[in-house]
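Remarks on the structure that follows.
Every chain is numbered from 1 and lettered A, B, ... according to where its sequence line falls, protein lines coming before strand lines.
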Number of protein chains: 2
Amino acid sequence: MAQSKEIDVLVEEIIARVADRWTMVVLEALEERGTMRFTELSHEIPEISQKMLTKTVRQMERDGLVKRKVYAVIPPKVEYTLTDLGRGLSEAFCGVWIWAEKNHARIHEARKKFDAKGER
Amino acid sequence: MAQSKEIDVLVEEIIARVADRWTMVVLEALEERGTMRFTELSHEIPEISQKMLTKTVRQMERDGLVKRKVYAVIPPKVEYTLTDLGRGLSEAFCGVWIWAEKNHARIHEARKKFDAKGER
DNA sequence: CTGGATCCTTTTCGATACTG
DNA sequence: CAGTATCGAAAAGGATCCAG
């Protein structure tokens, strides 16, 4: 049963959005540590800029992957938690993480070989 | 058993590279149809430009995900095939595709809700 | 047929400064 | 604390032309 082409395009768009560099890392962090505040996230992922973190969590919220809970206190407090949808994605992506952990050495090796060839 | 931080960064780099928009689509195409020529790929994925396709398959070759076989004929003939590494990734990523197929409707729904809120 | 090279536009991203 | 706004650098991407 062939999927329609339109569905394919929709699915591809989801993959592209969701398989984003930072989305994956934030998803992992939230999966491992549960509910987290904005600053906790940025400490957990030092490589991300504040701007990208804001953008990423907003996008994830929009896509229904995380729940954003704002406390009306001063100073502000905002907590991020994975939704069921987000946890499902995290689980689905688990296989890719495992694959990457197992094979990153092979990839780096392949790159070295490839680059060595080109230098001749 | 906590993984070292350096490994994490290596793995994240792999994820980022491999979870690229076009890499995923090319991977899928090659997994489904086996060996393919350059033009076949570009026909199978009409949305990709020639430049991006070239770049993507080069990168995948460098990372050891595809094998590139050049036939010394005129006109030129180049075939692309997944390596074991590539097939492994495709398999690992399979879970994410299934998740996306199952849940794309929920995501689009979540987006609609989110956008509706913002318009007030 | 399979690209490489070039030019140009668009998008992404980081750094910085500022606010409730 | 948790952002928004803005600027400029850098990267991605498309279009076109050319070559082996």
Side-chain angles (χ1 to χ4, degrees), chain A residues 9 12-13 15-26 29-30 33 35-63 65-81 114-115 117-120, chain B residues 9 12-13 15-26 29-30 33 35-63 65-81 114-115 117-120:
Chain A
V9 172
E12 276 180 23
E13 191 271 336
I15 295 280
R17 157 89 39 263
V18 120
D20 164 74
R21 169 161 173 54
W22 295 124
T23 302
M24 289 294 85
V25 178
V26 171
L30 286 174
R33 327 242 315 204
T35 297
M36 289 177 86
R37 299 183 59 174
F38 187 86
T39 313
E40 285 184 282
L41 275 170
S42 67
H43 285 20
E44 180 73 16
I45 315 166
E47 320 91 81
I48 197 174
S49 69
Q50 176 261 31
K51 178 179 171 179
M52 278 301 104
L53 181 54
T54 300
K55 189 181 164 187
T56 302
V57 291
R58 276 289 171 290
Q59 207 160 66
M60 291 174 76
E61 187 196 1
R62 182 167 113 96
D63 290 349
L65 301 175
V66 305
K67 176 95 177 62
R68 178 164 173 270
K69 183 164 186 184
V70 183
Y71 294 87
V73 296
I74 294 175
K77 177 175 168 181
V78 180
E79 284 180 349
Y80 295 93
T81 316
F114 185 90
D115 294 346
K117 262 194 237 171
E119 273 156 19
R120 279 187 262 141
Chain B
V9 172
E12 276 179 25
E13 191 270 337
I15 296 279
R17 158 86 42 258
V18 123
D20 164 75
R21 169 156 174 58
W22 295 125
T23 302
M24 289 296 85
V25 179
V26 171
L30 285 174
R33 328 242 315 205
T35 297
M36 290 178 86
R37 298 183 60 173
F38 187 85
T39 313
E40 284 184 282
L41 274 170
S42 67
H43 283 21
E44 180 73 16
I45 314 166
E47 319 94 81
I48 196 173
S49 68
Q50 174 260 34
K51 179 180 171 179
M52 280 300 105
L53 181 54
T54 300
K55 189 180 163 186
T56 302
V57 291
R58 277 289 171 289
Q59 208 161 64
M60 291 173 77
E61 187 195 1
R62 181 167 114 95
D63 290 348
L65 300 175
V66 304
K67 176 97 177 63
R68 181 165 171 270
K69 183 162 183 183
V70 184
Y71 294 85
V73 296
I74 293 176
K77 177 176 169 183
V78 180
E79 284 180 349
Y80 295 93
T81 316
F114 185 91
D115 294 345
K117 261 194 240 171
E119 271 154 22
R120 280 186 267 142

Given [N], is OP1 or OP2 found less than 4.0 Å from the side-chain N or O atoms of [X]?
X	N	result
B/Tyr80	C/dC1	no
B/Arg37	C/dC1	no
A/Arg21	C/dC13	no

In whole Å, I'd like the distance from the [atom1] atom of [X] to the [atom2] atom of [N].
X	N	atom1	atom2	value
A/Phe38	D/dT4	CZ	C1'	11 Å
A/Arg17	C/dT11	CZ	P	13 Å
A/Leu41	D/dA2	CG	C1'	12 Å
A/Asp20	D/dA11	CG	C1'	15 Å
B/Arg58	C/dA5	CZ	P	11 Å
A/Gln59	C/dC13	CD	C1'	14 Å
B/Leu53	C/dC1	CG	P	14 Å
A/Lys55	D/dT6	NZ	P	17 Å

Would you indicate which nucleotide in D/dG14, C/dC1, D/dA2 comes nearest to any side-chain atom of A/Thr39?
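Output: D/dA2.
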
Of the nucleotides D/dA2, C/dG3, D/dG13, which one has an atom closest to the side chain of B/Met52?
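Closest of the options to the side chain of B/Met52: D/dG13.
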
Would you state whether a donor and an acceptor, one from the side chain of A/Gln50 and one from the base of C/dT16, lie under 3.5 Å apart?
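Absent.
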
Apply side chain to side chain contact (heavy atoms under 4.5 Å, CB included) to residues B/Glu61 and B/Arg58 and explain how you reach the verdict.
CA-CA 5 Å; B/Glu61 187 195 1; B/Arg58 277 289 171 289; 4.2 Å; yes

For A/Leu65 and A/Val18: C-alpha separation, side-chain torsions, deciding distance, then whether side chain to side chain contact (heavy atoms under 4.5 Å, CB included) applies.
CA-CA 9 Å; A/Leu65 301 175; A/Val18 120; 3.9 Å; yes

Could you check whether any side-chain N or O of B/Thr23 sits under 3.5 Å from a backbone N or O of B/Ala19, counting only pairs where one atom can act as donor and the other as acceptor?
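The answer is no, because no donor-acceptor pair under 3.5 Å joins these two groups.
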
Verify side chain to side chain contact (heavy atoms under 4.5 Å, CB included) between A/Phe114 and B/Asp63, making sure each step is shown before the conclusion.
CA-CA 8 Å; A/Phe114 185 90; B/Asp63 290 348; over 6 Å; no

When you match B/Lys51 and B/Glu40 each to their closest nucleotide on DNA chain C, which lands nearer the 5' end?
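Per heavy-atom nearest nucleotide, the more 5' residue is B/Glu40.
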
Of the non-hydrogen atoms in A/Leu30 and A/Tyr80, which two are nearest, and what is the gap between them?
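Minimum heavy-atom contact is CD2-O, 3.5 Å.
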
